[in-house]
Every structure is written in structure tokens, then in C-alpha cells.
Amino acid sequence: MSVFSAYDGTKLACRVLGEGPPLVCLPGGPMQDSVYLGDLGGLSAHRRLIMLDLRGTGRSAVPEDQASYRCDRLVDDVEALREHLGLDRLDLLGHSAGTNLAVLYAARYPERVGRLALVTPSVAAVGVQVTGETRIGIARARRDEPWFPAAFEALESLVAGRAGADTFQAIAPFWYGRWDEAARAHRAAEDGQRNAEAAAVFAAEGAFDPAATRAALARLAAPVLVLAGEVDLNSPPPAMAELSELFPHAELVVQPGAGHFPWLDDAPRFVATTEAFLG
């Protein structure tokens, strides 16, 4: 565990796993304890993973200013971490909602980014649209799964704007390539790892300016990996292809059979893809 001070004095913590060149990892949720990332399927055997607990999550302190949970303001925390590590440039990996933060950091500090890996990314920061029809189409590919009927009914309700209290739990199997014991345990731990108050602020008004971010990313010199899951409803491959086209030097990889957490679905493939990109 490493602790450092953010720009406003808030004490931030990060877990450090493995040896090798450093890779700063930004968790999703949004605003979820980085522990859910594990060691990214064994990537720690190749890289020193620096897993940042965003302010108010995990072992990082709760800030005095709750407005500082907004995604664009978290960029300064990433820059403070870079300075703490004494690195001229960061290799940066973001997952899910954390990719919004990674993208905003790259847009604001392009000269500080070595390589940028976006794992099953959120597209809020760049304004890519994901339709309900796309999600439904991908979901239907899993019609032979034993849990499919109930989960698909809940998904249709969600897409139609009729979500109830249990809807998100009902669709949980769609988030994983395999709805096995490991996936169930991973999902069960999730609610206790997330700061709901911080999550409510993360994407508040003013957090994202897609047009400005797209313009900045179009000039980004760093290599970018967009890693999608073949059956991921949150970050479906068509949207990931559109996202990858926003960067001058991006590679899109769709991991077969993977959902939103590809390191859980096929750890060797995930590690091989990510390490090949990071070099």
C-alpha cells in the first residue's frame, strides 16, 4: 500500500502488486474500491500494478469537498499520483467508468501518457451512444444459458424504462462471460465496494465535454488499446469500434466470449493481449 497527498490535501491510497514497469490502474464502478480488479488475471506477473483507490473509496480518505468526486476533477488526483511516483510519463489502464477518467487525463496531459489501455470502456466522456437495440441483440446470443429467460425479461424492462428495484441484480449474469461461482462472488462483493454518494457526483453536470475531449484525443500521440468483450452489454463491440476511431493510434481487440470483466472470463487471453500491447 502506498499513500500520497492529492492537490487539496486528501490522502489517497493505492495497492501495489507485482514487479516490473509500473502500470497505473483506474477502477470503474464508478467510484468502486480497486480491490475488485484483483491482479487483473495475473498481469502483475509482468507489470507493477499501481491500483488507485479514488478519493472516498477503498483506503483513500473522504474529501472535504464532495464536488471533487466529479470525474473531470479527479484528473488532478491522477496527476498527483504521477508526481508521487516520479514518472515523466504513465502507462495507464482504465476499466469501465474508470476509462472516462483515463481519457480525460490523456486529453488534458497528452505528453504524460506513454500507453493507454481502455478495458471494456464507458463512452460517457466522448459521447458515443449505445442503443437498447444493440444491447438486446448481443444479449440474445446467450439464449441457451439456463439463466437467460429471467435475465432477458429484466433487460427488456430496463431498456423500456421500466426498471424495478431488482432489475440490475436480475441482469447480473449478462455482465460475465460465465455465470459461475467466481462470477457470483465477484458480483456479490460489488455493492459493498462502491461509494454511492461519490458515484452520484462522478458524472454530474459539467463533468464531460465530449466535443472538446474528442478534439484533444484526435491529437493524442500515445498508442491506445480498446479491449472489448464479445458479449459485453455495457460496452458492446460496435460502440468500442466507434470509440477506437477517435484516436490516431488505436487498436481494437474483441476478446471472444468475454463480458464486462474479461480478466475473469479468460485470464490468460486477457493478460496476453494486454501485455503484448504494453510491451
Side-chain angles (χ1 to χ4, degrees), residues 1-18 21-40 44 47-119 121-122 124-125 192-209 212-213 216-217 220 222:
M1 185 65 65
S2 177
V3 178
F4 64 100
S5 293
Y7 63 93
D8 61 353
T10 302
K11 295 296 184 183
L12 303 180
C14 44
R15 296 181 302 122
V16 181
L17 305 173
L23 175 66
V24 171
C25 303
L26 305 178
M31 306 307 287
Q32 188 171 343
D33 186 331
S34 67
V35 71
Y36 85 92
L37 295 169
D39 69 348
L40 288 173
S44 59
R47 284 279 175 149
R48 179 161 58 97
L49 305 181
I50 300 167
M51 307 284 206
L52 177 62
D53 281 339
L54 303 177
R55 53 180 54 215
T57 72
R59 297 193 181 183
S60 289
V62 172
E64 292 184 6
D65 181 8
Q66 301 293 298
S68 67
Y69 288 135
R70 208 174 73 177
C71 185
D72 59 320
R73 296 175 179 172
L74 296 174
V75 170
D76 289 326
D77 290 348
V78 181
E79 177 63 359
L81 175 57
R82 183 196 65 79
E83 293 175 349
H84 169 71
L85 296 171
L87 298 173
D88 289 334
R89 294 192 301 173
L90 297 176
D91 284 345
L92 196 57
L93 180 148
H95 173 245
S96 191
T99 62
N100 293 307
L101 176 54
V103 162
L104 292 189
Y105 181 84
R108 191 182 303 178
Y109 296 104
E111 74 284 358
R112 298 301 188 186
V113 178
R115 290 179 174 268
L116 179 63
L118 305 175
V119 178
S122 166
Q193 297 166 348
R194 189 165 177 261
N195 182 333
E197 292 182 359
V201 178
F202 182 83
E205 184 178 357
F208 304 129
D209 182 344
T213 300
L217 297 179
L220 184 67

Determine whether the side chains of [X] and [Y] contain a donor N or O and an acceptor N or O closer than 3.5 Å.
X      : Y      : result
Ser2   : His84  : yes
Glu79  : Tyr109 : no
Asp39  : Ser44  : yes
Asn195 : Thr57  : no

Would you say that [X] contacts [Y] through its side chain, given a criterion of any heavy-atom pair below 4.5 Å between the two side chains?
X      : Y      : result
Asp8   : Glu64  : no
Leu40  : Met51  : yes
Leu26  : Thr99  : no
Arg48  : Val16  : yes
Val103 : Asn100 : no
Arg194 : Pro30  : yes
Val75  : Val78  : no
Phe4   : Leu52  : yes

Could you pull out the closest heavy-atom pair between [X] and [Y], with the gap in Å?
X      : Y      : value
Gly28  : Tyr36  : N-OH, 2.7 Å
Ala106 : Val113 : CA-CG2, 3.8 Å
Leu116 : Ala102 : CD1-CB, 3.9 Å
Ala97  : Gly29  : CB-N, 4.0 Å
Asp72  : Gly206 : OD2-O, 3.7 Å
Ser122 : Ala124 : OG-N, 3.3 Å

Distance from [X] atom [atom1] to [Y] atom [atom2], nearest 0.5 Å?
X      : Y     : atom1 : atom2 : value
Leu37  : Leu49 : CG    : CG    : 9.0 Å
Cys14  : Leu54 : SG    : CG    : 11.0 Å
Tyr105 : Asp76 : OH    : CG    : 10.0 Å
Arg15  : Ile50 : CZ    : CD1   : 12.0 Å
Arg73  : Tyr7  : CZ    : OH    : 7.5 Å
Leu23  : Leu90 : CG    : CG    : 9.5 Å

Exercise. Are the side chain of Thr213 and the backbone of Asp209 linked by a donor-acceptor contact shorter than 3.5 Å?
Worked result: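 Between the backbone of Asp209 and the side chain of Thr213 there is a qualifying donor-acceptor contact (under 3.5 Å).
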
Problem set entry | Side chain Arg82, main chain Leu87, donor-acceptor under 3.5 Å |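 Yes, Arg82 side chain to Leu87 backbone: donor-acceptor pair under 3.5 Å.
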
Problem set entry | Parallel, tilted or perpendicular: rings of Phe202 and Phe208 (30°, 60°) |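 Aromatic pair Phe208/Phe202 classed perpendicular.
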
For this session: For the pair Asp65 and Arg55, find out whether any cationic side-chain nitrogen is under 4.0 Å from an anionic carboxylate oxygen.
Result: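 Salt bridge flag = no for Arg55 with Asp65.
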
Exercise. Is the shortest distance from a Lys or Arg side-chain nitrogen in Asp91 or Arg47 to a carboxylate oxygen in the other one below 4.0 Å?
Worked result: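 So Asp91 pairs with Arg47 through a salt bridge.
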
Problem set entry | Summary of side chain to side chain donor-acceptor pair (under 3.5 Å) pairs that have at least one residue in residues 110-119, sequence neighbours excluded |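 Non-adjacent pairs meeting side chain to side chain donor-acceptor pair (under 3.5 Å): zero.
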
Exercise. For Glu197, does the CD atom have more than 12 heavy-atom neighbours from other residues, nucleotides or ligands under 6.0 Å away?
Worked result: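 Counting other residues, nucleotides and ligands, CD of Glu197 stays at 12 neighbours or fewer.
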
Problem set entry | Chi angles and distances behind the side chain to side chain donor-acceptor pair (under 3.5 Å) call for Ser60, Lys11 | CA-CA 6 Å; Ser60 289; Lys11 295 296 184 183; over 6 Å; no

